[in-house]
Amino acid sequence: METAVTRMVAERPVVIFSRSSCSMSHAIKALICSFGANPTVYELDEIPNGLQIERELVQLGCQPIVPAVFIGQQLVGGAKQVMSLQVTNQLSHLLIRAGAIWI
């Protein structure tokens, strides 16, 4: 079954679901952009179907809901998971594999 989240992440190398007031979401966006990636960002408090998207993200296991990061159409997770990938030097490899950045 195709969900709104599935449609929103399709064919995009990096997608971040965020809230405009979330400082952790801002930090994760800045980190990913620092690699030269240009993520598609959806601010859930600014889009009409934000509550529906939040419910879908919870069903996918996102806790907390934002930031929710998808790389190569796969849910990576939230800030903790993204920071873990960065610390272990795996984040750049995922971004390259997804076609989000080139070396």
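The figures that follow rest on heavy atoms only: side chains count, while hydrogens, waters and symmetry mates do not.
Considering all non-hydrogen atoms of both residues, S84 and T88 come closest at O-OG1, 2.9 Å. Between Q52 and A4, the shortest heavy-atom distance links the atoms NE2-CB, 3.7 Å. Here the closest non-hydrogen pair linking A100 and V14 is CB-CG2, 3.5 Å. Of all non-hydrogen atoms in P67 and A79, the two that sit nearest each other are CG-N, 3.8 Å. Residue A98 comes nearest to G72 through the heavy atom pair CB-N, 3.6 Å, listed as atom of the first residue, atom of the second, then distance.
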Go through V82 and L91 one step at a time and tell me if the side chain to side chain contact (heavy atoms under 4.5 Å, CB included) criterion holds. CA-CA 7 Å; V82 172; L91 183 56; 4.1 Å; yes
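The line from OG of S20 to CD of E43 is 5.5 Å long, rounded to the nearest 0.5 Å. Atom-to-atom distance recorded for R55:CZ and T3:OG1 is 12.5 Å, nearest 0.5 angstrom. Rounding to the nearest 0.5 Å gives a distance of 12.5 Å between NE2 of H26 and OG of S21. Rounding to the nearest 0.5 Å places CD1 of I32 at 6.0 Å from CG of L95. Rounding to the nearest 0.5 angstrom, the gap separating the NE2 atom in H93 from the CD1 atom in I101 is 9.5 Å. One distance of note links CD1 of I71 with CZ of R97; it measures 10.0 Å at 0.5 Å rounding.
At least one side-chain heavy atom of L31 sits less than 4.5 Å from a side-chain heavy atom of M83.
Remark: side-chain polar atoms of Q73 are paired, donor with acceptor, to backbone N or O of R12 under 3.5 angstrom.
In the hydrophobic clustering, V5 connects to M8, V9, V15, F17, Y42, L44, I47, I53, L57, V58, L60, I65, V66, F70, L75, either directly or through intervening members, whenever side-chain heavy atoms lie under 4.5 Å apart.
More than 12 heavy atoms of other residues, nucleotides or ligands sit less than 6.0 Å from atom CG of N49. Counted within 6.0 Å of CD on Q63, heavy atoms from surrounding residues, nucleotides or ligands total more than 12; the atom is thus considered enclosed.
Qualifying salt bridge (charged side-chain N to carboxylate O under 4.0 Å, His left out) partners for E54, counting only residues two or more places apart in sequence or in other chains: R19.
With hydrophobic clusters built from ILVMFWY side chains whose heavy atoms lie under 4.5 angstrom apart, L85 does not share a cluster with M24.
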